[in-house]
Enquirer: 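Structure provided below as structure tokens; questions to follow.
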Amino acid sequence: MPNAAQTETTDVVLIGAGIMSATLGALLRQLQPDWSITVFERLDAAAAESSDPWNNAGTGHSALCELNYSPQKPDGSVDIGKAVDINERFQVSRQFWAYAVENGILGDPSRFINPIPHVSFVHGAADVEYLRKRYEALSRHPLFAGMEYIDSPDEFARRLPLMARGRDFSDPIALNWTDGGTDINFGSLTKELLAHIGATGGEIAFGNEVRNLSKQRDGSWKVTVRNTRTGRRRTLVSKFVFVGAGGGALPLLQKSGIKEIGGFAGFPVSGQFLRCTNPELVGKHEAKVYGKAAVGAPPMSVPHLDTRIINGKLGLLFGPYAGWTPKFLKDGSNADLFKSIKPGNLAPMLGVGVTELGLVKYLVTELMKSQAGRVYTMEEFIPRAEGRDWELITAGQRVQTIRRKGAGGVLELGTAVITAQDGSIAGLLGASPGASTCVTAMLDVLERCFPTEYASWTPKLKEMVPSLGIKLSENQALFGEVWDWTGKALQLTGSGAHAVLPAGA
């Protein structure tokens, strides 16, 4: 039997070695370098769940191409409010990453971010008209300047040859095309941020699972940890705890007993993609192309043909195809969902089961698909797709947030920051846009959990994020300045900005 270790103390405990914990730790290291930071990760590597580059689309969600962020209203007009908000948040991430590169926190930016066109694609007269209205609404906005509207088959074929081959252009098509998009390897980004935390005195403990969180009388937290290899237990007392454990965040926040987590539940959905194994096809497509979800399908099902740049090499994914498992993590337990059901969240979960029939139908349909069925779905994007060129991979597990609403509940797309009233603990629930807006989310954690210190941190925060507290959509001059600065610092502009190896190299 392993002996219980002596109780240790630390200023900050970060649970989960993903992009959220890494971002918060890197921010705190700049703001309060004298604070001790301890990171616990149950797996043996950083970014091994949702932050892994093959476990997410790496889009750098900025609402340039994701049509679910710009829905059509009943009167036919297009609502761009959510698109503008998400783009604003992504600009905050770009600024912090640029600062981190210039100050040696991050290395060569091409290891984690590269320019790639972001494209919205539709076909059929009604959707073409919608996309034209979307373009008219967004292209007049400063954050979306440079967007193009394309409905010419010849231009479509020139820019997207893989999608054009064999296409029947009697069915009208349209694109919203933006050259200013990015592909992001959140796995590489996470590892570099964690390496910085470790190099500046923080402890990064892999193979260590947090088993319990209990509040102490003085407001601190006792954190019980078990080494997954040796069984040895550690006990730490920390002034502040952040639960950035992805799908594992909900169970840990429930164990903490904070009242703010009451009424929250989670619904796990597995993501699957077809990954191209034919280098010739990979080389014929260099863009992130997003379509529209099928009628009645949930927003998480938006199909996309996605160029990835991972370790300097081009890759190509199509999906998502949904699977289902009760696990909250890809490397989780089949009991995760059932253990998360509590008296306080049972009603919201049952309510969602009644109201989200579209999600239920979508999941049943997806689970019944064969490889031939998956390829048939892909033919909307690649008319001459052949199954032998693609392999099925399982991406990260996503836990969609269920929040209490009235007597029932609602399934939410997005992320939710949960903080205790006294600011001693916080956690993040939800999925997309998630990682792309990680800096905004963690700044929210800092402001809510450290209100006294936040005021004194503001000058340093403005050094890292010059637009802090300012809406770039309302200050075009400042947006131009930070866009040019971040583009130069992150090597997203000019020649040589997009140096990748061909697939299979």
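Numbers for residues simply follow the sequence, beginning at 1.
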Enquirer: Would you please name every residue forming a ring pair (Phe, Tyr, Trp, His ring centres under 6.0 Å) with F169, sequence neighbours left out?
Expert: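 By the ring pair (Phe, Tyr, Trp, His ring centres under 6.0 Å) rule, F169 matches F156.
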
Enquirer: List the residues meeting side chain to side chain contact (heavy atoms under 4.5 Å, CB included) with A385, not counting sequence neighbours, and say none if there are none.
Expert: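 With sequence neighbours excluded, A385 shows a side chain to side chain contact (heavy atoms under 4.5 Å, CB included) to V375, M378, E379, I382, given in chain and number order.
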
Enquirer: Under the salt bridge (charged side-chain N to carboxylate O under 4.0 Å, His left out) rule, collect the residues that match up with E192, sequence neighbours excluded.
Expert: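 With neighbours one apart ignored, the set is R111.
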
Enquirer: I need the full list of side chain to side chain donor-acceptor pair (under 3.5 Å) pairs touching residues 159-170, with sequence neighbours left out, sorted by first then second residue.
Expert: E148-R159, E155-R159, D168-S170

Enquirer: Once ring pair (Phe, Tyr, Trp, His ring centres under 6.0 Å) is applied, do any residues pair with Y135, and if so which ones, sequence neighbours excluded?
Expert: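 Counting only residues at least two positions away or on another chain, Y135 forms a ring pair (Phe, Tyr, Trp, His ring centres under 6.0 Å) with Y149.
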
Enquirer: Under the rule for salt bridge (charged side-chain N to carboxylate O under 4.0 Å, His left out), what residues qualify as partners of D389, not counting sequence neighbours?
Expert: none

Enquirer: Against the six-membered ring of Y130, is K292 placed for a cation-pi contact (under 6.0 Å from the centre, within 45° of the normal)?
Expert: yes

Enquirer: Check side chain to side chain contact (heavy atoms under 4.5 Å, CB included) between I393 and all other residues, then give those that pass, not counting sequence neighbours.
Expert: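 I393 satisfies side chain to side chain contact (heavy atoms under 4.5 Å, CB included) with W54, F273, R275, L317, E391 once adjacent residues are dropped.
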
Enquirer: For W485, does the six-membered ring have the charged nitrogen or CZ of R94 within the cation-pi criterion, i.e. under 6.0 angstrom from the centroid and within 45° of the normal?
Expert: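 Judged by the rule (NZ or CZ under 6.0 Å from the ring centre, within 45° of its axis), R94 is not positioned above W485.
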
Enquirer: Listing request: all salt bridge (charged side-chain N to carboxylate O under 4.0 Å, His left out) pairs with a residue in residues 130-144, at least two apart in sequence or in separate chains.
Expert: E129-R132, R132-E136

Enquirer: Sequence neighbours left out, what passes salt bridge (charged side-chain N to carboxylate O under 4.0 Å, His left out) with D85? Give chain and number order.
Expert: R89

Enquirer: Tell me every residue that passes side chain to side chain contact (heavy atoms under 4.5 Å, CB included) with K462, counting only those two or more places apart in sequence or in another chain.
Expert: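 Applying side chain to side chain contact (heavy atoms under 4.5 Å, CB included) to K462 gives T458, L468.
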
Enquirer: Got a salt bridge between R448 and D444, using NZ or NE/NH1/NH2 to carboxylate O under 4.0 Å?
Expert: yes

Enquirer: Suppose we screen for side chain to side chain contact (heavy atoms under 4.5 Å, CB included). Which residues come up paired with S77, at least two apart in sequence or across chains?
Expert: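 S77 satisfies side chain to side chain contact (heavy atoms under 4.5 Å, CB included) with K73, D75 once adjacent residues are dropped.
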
Enquirer: Sequence neighbours left out, what passes salt bridge (charged side-chain N to carboxylate O under 4.0 Å, His left out) with K191? Give chain and number order.
Expert: none

